[in-house]
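Not measured: the values here are computed from a predicted model. Order of appearance sets the numbers: ligands from 1, and atoms from 1 within every ligand.
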Amino acid sequence: MASEAIEDLLKEGRTFPPPETFKRDALITDAEIYDEAAADREGFWAKQALDLDWFEEWDTILEWDAPYAKWFVGGKLNVSYNCLDRHVEAGHGDQVAFHWEGEPGDTRTITYTDLLDDVQRTANALKSLGVEKGDRVAVYLPMIPELPTIMLACARIGAVHSVVFGGFSANALRDRINDSDCKVLVTADGGYRRGSVASLKPAADEAIEDTPSIEHVLVVRRGENDVEMVDGRDHWWHDVVDSQDADCPPEPMDAEDLLYLLYTSGTTGKPKGIMHTTGGYLTQVAFTHRYVFDLHPDTDVYWCAADIGWVTGHSYIVYGPLANRTTSVMYEGVPNHPDEARFWAIIEKYKVTQLYTAPTAIRAFMKWGDEHPAKHDLSSLRLLGTVGEPINPEAWIWYQQHIGGDRCPIVDTWWQTETGGIMISPLPGATTTKPGSATFPLPGISATIYDDQGEEVGVPGGGYLVLDQPWPGMLRGIWGDDQRFRDTYWSRFSGRYFAGDGAKRDDEGYFWLLGRVDDVMNVSGHRISTTEVESALVSHPSVAEAAVIGRADAQTGQAIAAFVSPRSGYEGDEELAQELRNHVATMISPIAKPASVLFTADLPKTRSGKIMRRLLKDIAEDNQLGDTTTLADAGVVDSIKDRYLAGSGSDE
Ligand code: PRX
């Protein structure tokens with residue numbers, strides 16, 4: 001469809017009620033469930049928790065002593081039992097859990113029985129390496145079936161996994177391992193990316209040169225690339241796992257026992273180990289997965305195209321879907337290999353019914369052209385989802401028409417690593433959607449908007465997004481840093497969770513997410529802190545000072561713009577810019593590389609020496625400059641602005 005036609009649709013302010021054909025078989029088709037949940041929030045969540053299998057039921061649904069929540073106190077359960085054993089015991093062992101597709105086109109079909117066997121063997125292998133309940137296991141793997149397997153194996157024996165996205169550097173991996181003293185690291189030789197093998201083991205080796213807690217490394221063979229194995233420390237997965245007994249009883253875990261740590265960027269340089277526990281988390285991800293994606297386990301083939309290294313993969317590739325006995329597609333590689341139609345070929349091949357992806361991917365698909373999806377039969381799709389950043393209405397409409405064939409509802413799901421599960425989203429059979437709005441908090445979830453003074457903003461109105469009631473999947477803390485937990489989330493509006501996002505409600509109460517209001521950037525749906533990139537830049541010998549901002553970008557949502565003052569003796573030229581980009585990739589990850597680097601002798605500062613990033617953002621986005629009266633030297637801004645506009649900001 002031509003973009004003028006999309007513009008016209010948007011101008012009309014068109015809304016999208018649930019399509020009748022979808023509604024016919026949808027699990028929820030009216031708004032009653034919202035009233036039920038509002039009348040008794042705790043009772044509502046307890047009812048959802050009963051859809052899980054508990055070894056022992058809880059005594060108390062919720063103990064809430066802000067900001068500390070305990071859900072289903074006294075209850076005992078095991079996450080891997082809920083994701084696997086109970087389905088096999090109910091006669092569904094032959095159902096496919098994962099249709100796995102490697103990037104080169106190799107495939108593996110893994111049934112619930114297969115996965116249960118693999119998980120038990122892997123759990124026994126972990127035990128043989130000395131892993132016990134409560135120990136932390138670092139996982140640094142590509143998107144291969146061993147990734148969900150190791151997570152579930154940890155859950156089975158009560159070990160805590162800490163998955164580190166395979167795109168992170170050795171430095172980033174080392175810091176995460178050391179922060180929580182992981183005992184074992186699970187990695188692979190390499191994985192496929194864009195047609196060739198990207199190695200992982202060498203980065204893992206580099207990381208563990210300086211991780212005293214690591215006793216063993218378990219290595220999956222995937223890329224077949226040469227790697228070094230250290231005797232006594234490194235073990236091939238197939239040597240240690242395959243020979244184990246496929247029987248390992250699930251450990252009964254307390255509802256509040258730690259299930260996993262997942263590191264995410266905050267507003268300081270040091271990533272935060274977000275803590276998620278067992279009973280409440282599984283309740284929320286199972287509930288939201290079932291009803292937001294309208295999951296029919298006997299007939300659906302669901303595909304979440306995220307990487308398990310991020311929370312979306314934890315909650316909506318592994319835990320939610322498996323708890324609900326889903327048949328999923330899992331794909332190893334990039335969307336444009338061997339060509340730009342790969343996703344659509346996968347959908348046609350497996351007859352995918354639900355696709356969950358990110359706005360940045362949708363915008364890339366739009367750019368690559370309508371002809372790619374048009375070549376494939378996408379008629380199996382009945383629902384589409386998005387997550388990770390605000391979706392622009394043009395991309396929403398394109399997705400709806402070119403992928404959804406005008407018949408699929410779209411669920412725009414707002415949530416965070418910290419929330420554990422989806423918080424604001426349509427219910428696809430009940431909610432009339434508006435392109436670009438995540439619509440309403442889900443049943444059992446309460447969200448509102450505050451102004452600067454901490455007063456609730458009415459409808460319509462905008463301000464800061466706040467979650468004013470505890471929810472089951474909420475983070476229980478930051479590993480090893482309780483003060484930071486309280487300061488980051490609970491102090492801005494005392495006793496209420498401040499999400500870090502701006503939002504507004506329109507006159508019908510629909511929520512529209514407006515992006516981060518703190519020093520966190522969102523680049524292609526990846527969360528990166530400005531301070532983390534600044535620290536990486538400043539750690540380079542040529543850099544005296546650096547300021548980093550996220551500027552609006554049509555493709556990636558935000559792009560990283562760096563302003564750097566070099567130390568004397570260094571020339572701020574293209575060569576140095578490139579070196580600094582590579583340095584950031586080494587210190588953090590290629591995803592954190594600045595898109596532009598502008599060298600400047602001075603940065604705009606207040607008289608007390610604080611860098612005014614807001615002004616740099618105005619410059620980079622070519623906005624009217626904000627208030628400059630507090631600047632120590634107003635000339636600095638003009639000079640940076642002139643040079644930025646003249647294009648001397650070195651762009652990659
Ligand atoms: O700014 C919001 C944005 O992503 C942030 C959370 O990032 P992360 O913890 O990495 O989790 C991403 C996947 C859940 C939020 O603070 N965000 C996420 N989903 C949306 C969104 N912004 C707007 N609309 C969304 N649907």
Side-chain angles (χ1 to χ4, degrees), residues 163-165 167-168 261-267 271-276 281 284-285 288-289 292 304-317 319-320 356-363 384-393 395-396 399 410-426 433-442 445 447 462 464-467 473-475 478 488-489 492 497-504 510-530 532 550 552 556-558 589 591-592:
V163 178
V164 179
F165 170 57
F168 275 123
L261 295 175
L262 184 59
Y263 285 82
T264 187
S265 294
T267 52
K272 304 176 283 199
I274 300 300
M275 294 161 63
H276 282 296
Y281 173 80
Q284 188 174 339
V285 296
T288 50
H289 178 259
V292 170
C304 167
D307 191 293
I308 293 178
W310 309 110
V311 75
T312 305
H314 281 59
S315 299
Y316 297 105
I317 298 178
Y319 292 119
Y356 191 29
T357 189
T360 192
I362 298 166
R363 289 193 295 267
L384 301 172
T386 91
V387 60
E389 47 177 322
I391 181 164
N392 47 314
W396 195 105
Y399 197 32
I410 293 185
V411 288
D412 173 359
T413 62
W414 178 90
W415 58 295
Q416 308 177 299
T417 306
E418 291 86 343
T419 69
I422 299 171
M423 303 293 283
I424 303 181
S425 164
T433 54
K434 300 183 181 183
S437 165
T439 71
F440 305 104
L442 286 174
I445 300 296
Y464 303 103
L465 182 65
V466 168
L467 304 170
M474 67 194 285
L475 77 167
I478 295 175
T488 308
Y489 305 108
R492 178 77 179 77
Y497 177 89
F498 169 46
D501 281 50
K504 64 173 187 188
Y510 280 71
F511 282 75
W512 298 75
L513 278 306
L514 302 173
R516 303 287 307 195
V517 293
D518 53 12
D519 292 332
V520 172
M521 299 174 287
N522 191 331
V523 181
S524 298
H526 299 316
R527 199 166 141 173
I528 302 167
S529 94
T530 55
E532 213 176 339
T556 56
Q558 284 191 319
S589 163
I591 59 175

Below 4.5 Å, heavy atoms only, C-beta onward: do Q284 and I445 meet side chain to side chain? yes
Heavy-atom distance under 4.5 Å between the side chains of V387 and Y316, does that happen here? no
Sidechain-backbone polar pair: [X] side chain, [Y] backbone, donor-acceptor under 3.5 Å:
X: H314; Y: Y319; value: no
X: H526; Y: A592; value: no
X: T413; Y: T386; value: yes

Test item: side-chain donor near acceptor, Y263 and T417, under 3.5 Å: no
Report all protein residues having a heavy-atom distance below 4.0 Å to some atom of ligand 1; order the list by chain, then number. V311, T312, V387, G388, E389, P390, D412, T413, W414, W415, Q416, T417, D501, L513, R516, N522, R527
